[in-house]
Amino acid sequence: DAGVIQSPRHEVTEMGQEVTLRCKPISGHNSLFWYRQTMMRGLELLIYFNNNVPIDDSGMPEDRFSAKMPNASFSTLKIQPSEPRDSAVYFCASSLRQGPAYEQYFGPGTRLTVT
Amino acid sequence: EDQVTQSPEALRLQEGESSSLNCSYTVSGLRGLFWYRQDPGKGPEFLFTLYSAGEEKEKERLKATLTKKESFLHITAPKPEDSATYLCAVGSQKLVFGQGTRLTINP
């Protein structure tokens with residue numbers, strides 16, 4: 001069975017450009033999470049969805065970040081406009097049970113570099 | 001605010017040399033403590049969930065234990081393929097991750 005799928009795996013863009021990261025969760029999973037990982041701050045939760053509905057977006061850094069989940073098999077994280085400090089690895093994870101306090105399964109990540 | 005502190009930051013062992021990684025936490029309403037393994041360039045891989053003090057879980061050379069204030073990941077007779085970063089996370093309102101312990105096993 002396929003795990004969490006993320007695309008692209010690598011993204012290099014210039015400051016000010018729009019960036020869209022994509023995620024396909026494990027089929028049948030009810031919760032989806034977006035994380036950001038940096039050396040300085042480690043792994044941080046940005047936002048999570050239960051049954052396609054955003055539940056907690058308190059980790060989203062600012063209004064430049066937005067996330068959507070139009071259906072159970074697809075989610076996007078958009079950064080507009082991008083800035084160099086957004087450079088990080090972005091992970092998507094999904095969980096069978098609803099809510100953040102259960103085991104989560106992570107995708108391979110998207111490495112974003114903003115120059 | 002929920003906090004997770006892992007120690008040591010890095011650990012280098014010889015193959016077969018057993019040791020333990022520590023995860024100390026403060027959380028309001030623990031709903032689970034999680035251990036993950038992360039290899040370079042990959043996403044974290046789920047290992048264990050512990051729910052209550054005194055609980056233990058085992059998988060191959062790894063054993064995780066839990067008390068009211070900390071968790072240990074014991075590695076028995078490790079092999080080079082056990083080299084990775086091990087992440088601990090506590091679940092309450094959300095998963096809060098520690099900074100990880102980077103483990104290197106030399107052959």
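The chains referred to below are lettered A, B, ... by the order of the sequence lines, with proteins before strands, and numbering in each begins at 1.
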Hphob cluster co-occupancy, [X] + [Y], side-chain heavy atoms under 4.5 angstrom:
{"X": "A/Met60", "Y": "A/Leu32", "value": "yes"}
{"X": "A/Met69", "Y": "A/Ile79", "value": "yes"}
{"X": "A/Tyr35", "Y": "B/Leu87", "value": "yes"}
{"X": "A/Met15", "Y": "A/Tyr90", "value": "yes"}
{"X": "B/Leu13", "Y": "B/Trp35", "value": "yes"}

Given the rule in the ring pair (Phe, Tyr, Trp, His ring centres under 6.0 Å) test, do B/Tyr36 and A/Phe106 qualify, once you have shown the distances and angles that lead to the verdict? CA-CA 10 Å; B/Tyr36 286 82; A/Phe106 284 75; 5.6 Å; yes

When only heavy atoms count and the cut-off is under 4.5 Å, which of [range] reach chain A?
{"range": "residues 48-82 of chain B", "value": "B/Thr49, B/Tyr51"}
{"range": "residues 14-28 of chain B", "value": "none"}
{"range": "residues 94-107 of chain B", "value": "B/Lys94, B/Leu95, B/Phe97, B/Gln99"}

Measuring heavy-atom distances to chain A, does B/Glu45 have an atom under 4.5 Å in its side chain, in its backbone, in both, or in neither? neither

Would you find more than 12 non-hydrogen atoms of other residues, nucleotides or ligands less than 6.0 Å from A/Glu14 atom CD? no

If you draw a 6.0 Å radius around CG in A/Asn71, do more than 12 non-hydrogen atoms from other residues or ligands fall strictly inside? yes

What part of [X] is in contact with chain B, defined as an atom under 4.5 angstrom from a non-hydrogen atom: side chain, backbone, both or neither?
{"X": "A/Arg111", "answer": "neither"}
{"X": "A/Gln37", "answer": "side chain"}
{"X": "A/Phe33", "answer": "neither"}

Minimal heavy-atom distance between B/Phe34 and A/Glu103, with the atoms involved, is CE2-N, 3.4 Å

Which one wins on heavy-atom pair count under 4.5 Å against chain A: B/Gly41, B/Ser92, B/Gly91, B/Pro44? B/Pro44

Identify, with sequence neighbours excluded, every residue that meets side-chain contact (heavy atoms from CB on, under 4.5 Å) alongside B/Glu1. none

Test side chain to side chain contact (heavy atoms under 4.5 Å, CB included) on A/Phe91 and B/Gln38 and set out the steps. CA-CA 12 Å; A/Phe91 289 103; B/Gln38 186 173 24; 3.5 Å; yes

